[in-house]
Amino acid sequence: MFYMYTSTSMEVWLFVLLPAFMFALYAQSNIKSTFNKYSKINNKRGLTGAEVAKLLLEANGIYDVEVEYVKGNLSDHYDPRNKVIRLSDAVYGSRSLAGIGVAAHETGHAIQHNESYGPLALRHMILPMAQIGGSLAMPIFFAGFFITPDLLYVGIILFTFTIMFQLVTLPVEFNASNRAMKILSKENIIEKDEIAPARKVLNAAALTYVAGVVTAVAQLIRLLVIANDRR
């Protein structure tokens, strides 16, 4: 260990890090169980995730975005650079409520991009700084134990870039889910009794982003305590 545990650092572990860690575990468990549950229930119109994505794009007058298959489990995402919605094994050809919910969510991001949604543009601007901060923050922080304590705070500053990115991500993800639910209902893609299950899937996915922010903030508090103890 690089430093001795103090009463303050133990309190941070017990009252900050441990609850954040438990919350993150719950969020991951919740999304898996919710997705698995509703992946067994097909939508009444019998549409696949890929078909839903294409229908929603056309309904919003978007014809320059492709829908492609991508390998992996819940690796679904929208690529704004190439204007491609990539849907995974459990979504692309799936007719389940879980699958079309995820497909609609990713289509929501494509609609955001088409409408120049402010928070989405801001997230793209912050991304390079977040990537640099994510790769350099901890190496520079730990270098502070051997070179100069000032590097501890340089590492902390770099780490805050990743938190900024995660904070901006929250409204982007929630907005995409809200768009997805409104469009699914408006275009009569799902029936009234299918709305609640689809929403549960999207809410469970959104909770993982909240857990990510909580965990990152808890880690930031831990780093600040370590840096202050070192000084």
Side-chain angles (χ1 to χ4, degrees), residues 1-32 70-82 84 86 88 106 109 112-113 116-176 205-231:
M1 296 297 294
F2 292 108
Y3 72 103
M4 296 298 293
Y5 275 102
T6 64
S7 60
T8 302
S9 60
M10 287 301 295
E11 289 174 358
V12 169
W13 167 251
L14 290 173
F15 299 110
V16 179
L17 285 173
L18 184 58
F21 179 68
M22 296 301 294
F23 180 43
L25 285 179
Y26 166 75
Q28 288 298 325
S29 175
N30 186 49
I31 181 59
K32 288 181 180 179
V70 63
K71 292 182 179 180
N73 180 36
L74 295 180
S75 52
D76 313 88
H77 63 279
Y78 170 63
D79 179 355
R81 293 184 178 178
N82 297 307
V84 176
R86 297 191 176 95
S88 66
E106 298 307 331
H109 287 310
Q112 288 174 335
H113 188 204
S116 300
Y117 179 60
L120 181 65
L122 179 60
R123 186 173 73 167
H124 291 162
M125 290 175 58
I126 297 175
L127 179 59
M129 293 186 295
Q131 291 174 328
I132 293 173
S135 61
L136 296 180
M138 297 314 294
I140 291 177
F141 181 84
F142 285 114
F145 288 98
F146 304 102
I147 302 174
T148 171
D150 291 338
L151 288 178
L152 297 172
Y153 293 96
V154 173
I156 289 173
I157 291 172
L158 288 172
F159 186 73
T160 60
F161 290 148
T162 63
I163 296 179
M164 289 170 55
F165 178 78
Q166 290 176 313
L167 285 172
V168 173
T169 293
L170 287 181
V172 172
E173 296 299 329
F174 279 107
N175 179 266
L207 191 64
T208 62
Y209 291 98
V210 176
V213 172
V214 171
T215 303
V217 171
Q219 175 73 339
L220 175 62
I221 294 173
R222 172 176 173 269
L223 295 179
L224 285 169
V225 170
I226 293 174
N228 288 334
D229 284 350
R230 185 65 177 176
R231 280 189 173 277

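If you read the sequence from its start, that first residue is 1, and numbering goes on from there.
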Quick one: side-chain contact (heavy atoms from CB on, under 4.5 Å) partners of [X], sequence neighbours excluded?
X    : value
Q28  : I31, T208
T148 : D150, L151
A206 : F174
S135 : none

Determine the minimum heavy-atom distance between [X] and [Y], stating which atoms define it.
X    : Y    : value
H113 : L120 : N-CD2, 3.5 Å
H77  : S75  : ND1-O, 2.9 Å
G133 : T162 : C-CG2, 4.0 Å
R81  : D79  : N-OD1, 3.0 Å

For this session: Measure from the side-chain N and O atoms of N228 to the backbone N and O of L224, and report whether any donor-acceptor pair falls under 3.5 Å.
Result: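 At least one qualifying donor-acceptor pair exists.
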
Exercise. Just by modelled atom types, is the F165 backbone N or O under 3.5 Å from a matching donor or acceptor in the T169 side chain?
Worked result: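 Side chain of T169 to backbone of F165, a donor-acceptor pair under 3.5 Å: yes, one is there.
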
Cut-off 3.5 Å, no hydrogens considered: what does the side-chain donor-acceptor table look like for residues 209-218, sequence neighbours left out?
residue: T215; atom: OG1; partner: A211; partner atom: O; Å: 2.8

Output side-chain donor-acceptor pairs under 3.5 Å for residues 138-146, partner residues at least two apart or in another chain, one line each.
none

Heavy-atom distance under 4.5 Å between the side chains of [X] and [Y], does that happen here?
X    : Y    : value
F159 : L223 : yes
L17  : F21  : no
F161 : I132 : no

Those residues that, when tested against [X], pass side chain to side chain donor-acceptor pair (under 3.5 Å) (two or more places apart):
X    : result
T160 : none
Q112 : H109, N175
H124 : none

Problem set entry | Inter- and intrachain pairs under salt bridge (charged side-chain N to carboxylate O under 4.0 Å, His left out), touching residues 156-172, at least two apart |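 Passing the test, one end in residues 156-172: no pairs.
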
Exercise. Could you give all pairs that pass the salt bridge (charged side-chain N to carboxylate O under 4.0 Å, His left out) test and reach residues 117-133, with sequence neighbours left out?
Worked result: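 Output for this query lists R123-E173.
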
For this session: With rounding to the nearest 0.5 Å, note down the distance linking CD in Q219 to CD1 in I156.
Result: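 It comes to 10.0 Å.
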
Exercise. So how far is it from S88 OG to L74 CG, rounded to the nearest 0.5 Å?
Worked result: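 One finds 5.5 Å between OG of S88 and CG of L74.
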
For this session: Dump the intermediate steps for side chain to side chain contact (heavy atoms under 4.5 Å, CB included) on I226 and L152, then the final yes or no.
Result: CA-CA 9 Å; I226 293 174; L152 297 172; 5.6 Å; no

